[in-house]
Amino acid sequence: MNVKMLVGGEWTDSAGGETFEVKNPANGEVVGTVPKGTREDAKRAIDSSKEAFGKWSEVAPIERSRILLKVSETIRAGAQDLAISLVLEQGKPMGEARSEVNSFASTFEYYAGLIGRERGAQTPFSTGEGFFIVTKRPVGVVGAILPWNFPVSLMGWKVAPGLAAGNTFVVKPASTTPLTDLMAARLLLKAGVIPGAVNIVTGPGGVVGEEILDNPKVSKIAFTGETATGKRIMESSAKSIKRLTLELGGSDPMIVCDDADLELAVEGAAWGRFRNCGQSCTSVKRLFLFESIADAFVKRLADKTRAIRIGDGLEKGTHMGPVHTAEQRAKVEGMVEDAENSGARPVVKGQVPKEGALAKGNFYSPTLLENVSYDSKMAKEECFGPALPIFVVKDLEEALERANDTPYGLGSSVWTKDLERAYHAAERIEAGTTWVNSPPISRAEVPFGGFKQSGFGRELGVEGLDHYYETKSIQVLEYGKGKKWHFPI
Ligand code: NDP
């Protein structure tokens, strides 16, 4: 695939004429080339987005709703091609890619259903002199900066509510996964999104991304990625007081109580840690087991973990694909090594395949570690890959204390049959979401976001739409009731 970028509804090369390659993490082969965008390209895209804003924000909400619904139908019709592209550039197994594309379509469907159906109210002043109305206005041009772990669904989390509210976009995909986003943009145009309302500029974060951050015509940044990049984005955005939604890293705890349904919880741990090769913001990154069930749980989870088949995502029977990049794999290996050096025992040992077809990719087999020190990197930082540290705790209070001992606060889960215990835990865990007896599954109607250094703002749900509006108050003084504020001259 040699794909151009999308600026003002036109498929274009970069101003500098350069391109870069996108590689398949399963075998290192080149799957496509895209233009290496420059600051100039980003500026053009921002200008075109600004121009389109004047038109798109005037499209009647009910018409925007119809177009978004058409987008979701068009995505579903093209789902197979999108999913294959996603497997090729990202590495995830086909089933997961299909489910990501499905969630992309569902997000458009959800916001198509919300827009044009909101209600408001006229409220009297407390002093009785008149009333006020609160209205919502789109924010303007939004820069959406995307990561590589869920390239299309996370584009949907930003673009669907943003377009629904009348905003326009400059999207910067991650440099290792631009192809599926470009394909998706083609479908948006086909469904009737006006040219310029969604621009996609491919190229380095340090160039294209920095222009989006610096340019005063961009009113808001919606970002998912590393906490360190989020900090950089906050700094740069301060120059023109851009609105921000930041979805950053996580180190999600999973707490399994002594009364949990063990079979279900083992499934949840495997799903939660090894789906997308452990590279989800809300992957289970620390497992806390009550003492009395720990041995039985670890044995069952180890059996399940050993049965996971790693391979090319396009091959039938693959449960887990490669780590996305070689650098990412090296980070995970480094963290496992660090844990082992401080006393951790591998229950299932991670391996890098040294021969055969798998040796060409960035594979790393699923890993379980017990007796992990709370001072190790795995306990303190985000481990973005298929390695799970296990900690044994005596009760819920110890689990909660340990679970909250992190700068992150994105997701979490608690597994128990006792609802009182579940609520108690959910109220105390410092995280944007707590799943009860469920692995981390995002749903279009449920707001998603972080506490602490996992970011702020919310995506999805009604809250996700609100973040694409400015709130405007209109205050009306009733005729004849305004005497008392006359300037006393
Ligand atoms: P980054 O945060 O660096 O990248 C995310 C996006 O930001 C990419 O589009 C990237 O562009 C862009 N970007 C990078 N630098 C800048 C900048 N100065 N200005 C504007 N945009 C910028 O994450 P990585 O992909 O490098 O992954 C690093 C680590 O982040 C992972 O190891 C993982 O721990 C974590 N991560 C967490 C995610 C989550 O959902 N919680 C998602 C992805 C990563 P480009 O690709 O061109 O560099």
Side-chain angles (χ1 to χ4, degrees), residues 5 20-23 25 34-39 42 89-91 100 143-151 153-155 157-158 170-179 181 200-215 218 221-237 239 242 244-252 275-283 285 323-335 362 364 377-378 380-387 407-411 431-433 440 442 448-450 452-455 459:
M5 28 185 213
F20 64 96
E21 292 175 338
V22 179
K23 293 191 177 153
V34 292
K36 188 170 176 186
T38 60
R39 276 193 175 250
E89 66 177 347
Q90 204 281 339
E100 180 174 347
I145 302 181
L146 306 178
W148 45 261
N149 55 344
F150 290 94
S153 60
L154 292 177
M155 174 167 148
W157 288 18
K158 296 163 180 58
V170 177
V171 176
K172 197 214 93 60
S175 290
T176 49
T177 53
L179 298 170
D181 288 335
I200 313 263
V201 185
T202 50
V207 179
V208 173
E210 289 289 336
E211 177 58 36
I212 295 173
L213 300 182
D214 286 347
N215 197 306
V218 176
I221 302 290
F223 170 78
T224 305
E226 199 183 12
T227 297
T229 318
K231 289 179 183 172
R232 166 93 197 96
I233 287 174
M234 278 184 85
E235 258 175 43
S236 294
S237 297
K239 281 180 243 158
K242 295 190 198 319
L244 290 177
T245 303
L246 299 179
E247 302 287 0
L248 309 175
S251 182
D252 294 12
R275 186 170 160 268
N276 205 26
C277 199
Q279 303 166 118
S280 305
C281 9
T282 51
S283 290
K285 293 179 185 136
V323 179
H324 184 57
T325 60
E327 299 77 53
Q328 192 63 34
R329 179 175 65 182
K331 271 198 207 173
V332 178
E333 272 189 286
M335 279 189 162
N362 310 319
Y364 187 72
K377 287 186 181 168
M378 288 200 98
K380 295 214 161 298
E381 297 171 19
E382 177 176 45
C383 177
F384 218 60
Y408 296 109
L410 196 56
T433 304
S442 301
F448 177 92
K452 304 197 282 191
Q453 292 189 31
S454 289
E459 296 191 303

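Read the numbers this way: they start at 1 and go in the same order the structure lists the ligands and their atoms.
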query = Just going by heavy-atom distances, which of Pro173, Pro147, Gly205, Gly143 is nearest to atom 22 (C) of ligand 1?
reply = Gly205
task = Report the nearest protein non-hydrogen atom to atom 31 (C) of ligand 1: residue, atom name, distance rounded to 0.1 Å.
result = Gln328 OE1, 3.5 Å
query = What is the closest protein heavy atom to atom 30 (O) of ligand 1, and at what distance does it sit?
reply = Glu226 CB, 3.1 Å
For Trp148, atoms of ligand 1 separated by under 4.0 Å from a heavy atom = 24 (P), 25 (O), 27 (O)
request  = Could you find the nearest protein heavy atom to atom 18 (N) of ligand 1 and give me its residue, atom name and distance?
outcome  = Glu210 OE2, 2.7 Å
ask   = So which protein heavy atom does atom 12 (C) of ligand 1 come closest to, and at what separation?
value = Ile145 CG2, 3.7 Å
remark   = The side-chain contact (heavy atoms from CB on, under 4.5 Å) partner of Tyr408 among Glu382, Lys380, Lys452 is Glu382
note = Looking only at protein heavy atoms, what sits closest to atom 9 (O) of ligand 1 is Leu146 O, 2.7 Å
Atoms in ligand 1 with a heavy atom of Pro204 nearer than 4.0 Å = 47 (O)
request  = Please check if the side chain of Lys242 supplies one atom and the backbone of Val218 the other of a donor-acceptor pair under 3.5 Å.
outcome  = yes
ask   = Applying a 4.0 Å heavy-atom criterion (strictly less than), which segment of Glu382 is in contact with ligand 1: side chain, backbone, both, or neither?
value = side chain
ask   = What atoms of ligand 1 come closer than 4.0 angstrom to any heavy atom of Gly203?
value = 47 (O)
inquiry  = Treating Thr177 as the side-chain partner and Glu89 as the backbone partner, does any N or O pair qualify as donor plus acceptor under 3.5 Å?
reply    = no
inquiry  = Please check if the number of heavy atoms outside Lys377 that lie under 6.0 Å from its NZ is greater than 12.
reply    = no
request  = Give the atoms of ligand 1, by number and element, whose distance to some non-hydrogen atom of Gly249 is under 4.0 Å.
outcome  = 41 (N)
query = Do Lys331 and ligand 1 have an N or O pair less than 3.5 Å apart?
reply = yes
Val171, Leu248, Thr229: member with heavy atom nearest to atom 14 (C) of ligand 1 = Thr229
query = Is there side-chain contact between Thr224 and Phe150, with heavy atoms separated by less than 4.5 Å?
reply = no
ask   = What atoms of ligand 1 come closer than 4.0 angstrom to any heavy atom of Phe223?
value = 2 (O), 5 (C), 6 (C), 7 (O)
ask   = Nearest protein heavy atom to atom 39 (C) of ligand 1, by residue and atom, and its distance?
value = Cys281 CB, 3.6 Å
request  = Ignoring hydrogens and angles, tell me if any N or O in the side chain of Gln90 forms a donor-acceptor pair with the backbone of Pro151 under 3.5 Å.
outcome  = no
Any donor-acceptor pair under 3.5 Å from Asn149 side chain to Asn276 backbone = no
ask   = How about Asp214 and Arg39: do any of their side-chain heavy atoms sit closer than 4.5 Å?
value = yes
query = Where's the contact between Glu247 and ligand 1, heavy-atom distance under 4.0 Å: side chain, backbone, both or neither?
reply = neither
task = Considering only protein heavy atoms, determine whether one is less than 4.0 Å from atom 1 (P) of ligand 1.
result = yes
query = ligand 1 versus Val208, non-hydrogen atoms closer than 4.0 Å: side chain, backbone, both, neither?
reply = neither
task = Describe, in one word, how the ring planes of Phe384 and Trp148 are oriented to each other, choosing from parallel (under 30°), tilted (30 to 60°) and perpendicular (over 60°).
result = perpendicular
task = Could you tell me which atoms of ligand 1, counted from 1 in the order shown, lie closer than 4.0 angstrom to a heavy atom of Ser175?
result = 45 (P), 46 (O), 47 (O)
key: Heavy-atom pair with the smallest gap, counting every atom of Pro173 and Val201   = CD-O, 3.4 Å
task = Might you point out which heavy atoms bring Leu213 and Ser237 nearest each other, and give the distance in Å?
result = CD2-OG, 4.3 Å
message = salt bridge (Lys or Arg N to Asp or Glu O under 4.0 Å) for Arg232 and Glu210? Distances and angles first, verdict last.
response = CA-CA 10 Å; Arg232 166 93 197 96; Glu210 289 289 336; 2.7 Å; yes
remark   = atom 44 (C) of ligand 1: closest protein heavy atom, distance to 0.1 Å, is Phe384 CE2, 3.9 Å
